[in-house]
Amino acid sequence: MRLFPSSMLNFEKHHAGLKVLSSRLKKLENLDLSWNQCNDSIFSSITGFSSLKSLDLSANQLTGSSTGINRLRNLEELYLSSNKLNDSVLSSLGGFSTLKSLYLSNNSFTGSTGLNGLRKLEILYLESSDFKESILIESLGALPSLKTLDASYSTFKHFGKGQ
């Protein structure tokens, strides 16, 4: 079953409804909440969708300051592009043992944290992001299943030893 709400709806006003839906739609695998002006409080409303395999939260107002997203342990695809996410979300993604595709383009990363622990990750999109070169290289080395990497229009800052 798929749930794709209209982008004209503002789900920030309907968190209670999402919690009710999560208790009733136990087999929901795909949820698209992109373009809904959601902020970080949306994470607490969707954690009940335990069967989710694909979650699209692109083009919202997410900063990643308190994700709680790591409770969705069956995710295979996660779309977080075009938000205001910071480095804290990167470290919280490390526990996703099933994640195969991750879309993080157009966010507010400083590059001080890497992506680690995503052993099954095959697709990674980082367009228009800033990263410290050493952190990114170290992270990519810890992604043994990676097949596709798109880092176009990104800035890589080189920092020497000890920096």
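Shown here for T47 and S44, the closest heavy-atom pair between the two residues is OG1-O, 3.4 Å.
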**OP:** Show your working on side chain to side chain donor-acceptor pair (under 3.5 Å) between S101 and E77 and close with a plain yes or no.
**Re:** CA-CA 5 Å; S101 301; E77 296 180 334; 4.5 Å; no
**OP:** Show the numbers, then the answer: is there a side chain to side chain contact (heavy atoms under 4.5 Å, CB included) between L72 and L78?
**Re:** CA-CA 10 Å; L72 301 172; L78 181 57; over 6 Å; no
Subject >> Test side chain to side chain contact (heavy atoms under 4.5 Å, CB included) applied to N107 and N86, step by step >> reply: CA-CA 7 Å; N107 276 292; N86 58 38; over 6 Å; no
**OP:** Please assess L118 against F96 for the test side chain to side chain contact (heavy atoms under 4.5 Å, CB included), listing each intermediate value before the final yes or no.
**Re:** CA-CA 6 Å; L118 302 173; F96 285 102; 4.0 Å; yes
**OP:** Take N74 and T98, measure what side chain to side chain donor-acceptor pair (under 3.5 Å) needs, and give me the verdict at the end.
**Re:** CA-CA 6 Å; N74 293 314; T98 57; 5.6 Å; no
**OP:** Would you please test I123 and L102 for side chain to side chain contact (heavy atoms under 4.5 Å, CB included) and show each step?
**Re:** CA-CA 6 Å; I123 299 170; L102 180 58; over 6 Å; no
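Shown here are the side chain to side chain contact (heavy atoms under 4.5 Å, CB included) partners of K53, two or more places apart in sequence or in another chain: E29, E76. Take S145 and apply the side-chain hydrogen bond (donor to acceptor under 3.5 Å, both in side chains) test, not counting sequence neighbours, and it matches no residue. In this view, Y103 and Y79, Y125 satisfy the ring-ring contact (aromatic ring centres under 6.0 Å, His included) rule, not counting sequence neighbours. With sequence neighbours excluded, no residue satisfies side chain to side chain contact (heavy atoms under 4.5 Å, CB included) with S51. With sequence neighbours excluded, the residues satisfying side-chain hydrogen bond (donor to acceptor under 3.5 Å, both in side chains) with S58 are D56. Remark: S97 pairs with no residue by the side chain to side chain contact (heavy atoms under 4.5 Å, CB included) rule, at least two apart or across chains. Judged as a side chain to side chain contact (heavy atoms under 4.5 Å, CB included), and not counting sequence neighbours, the contacts of K84 are Q61, T63, S108. Applying the side-chain hydrogen bond (donor to acceptor under 3.5 Å, both in side chains) criterion to S152, with sequence neighbours excluded, gives D150.
Atom CZ of R73 sits in a crowded spot, with more than 12 heavy atoms from other residues, nucleotides or ligands closer than 6.0 Å.
For the atom pair CD of E122 and CG of L99, the computed distance is 10.5 Å after rounding to the nearest 0.5 Å. Remark: S50 OG to L25 CG distance equals 11.0 Å, nearest 0.5 Å. A distance of 11.5 Å separates OG in S81 from CG in N60, rounded to the nearest 0.5 Å.
When each of L124, L121, L143 is tested with L149 by the rule side chain to side chain contact (heavy atoms under 4.5 Å, CB included), just one qualifies, namely L124.
Listed for the S154 side chain is a donor-acceptor partner under 3.5 Å among the backbone atoms of S129. With N83 contributing its side chain and L85 its backbone, the two residues share no donor-acceptor pair below 3.5 Å. Within the 3.5 Å criterion, the main-chain N or O of L62 finds no donor-acceptor partner in the side chain of N39.
Cluster annotation: L146 is connected to L126 through the hydrophobic network of ILVMFWY side chains, with a link wherever side-chain heavy atoms come within less than 4.5 Å.
Between L55 and F49, the closest side-chain pair of non-hydrogen atoms is not below 4.5 Å. Counting heavy atoms from C-beta on, the side chains of L33 and I46 come closer than 4.5 Å.
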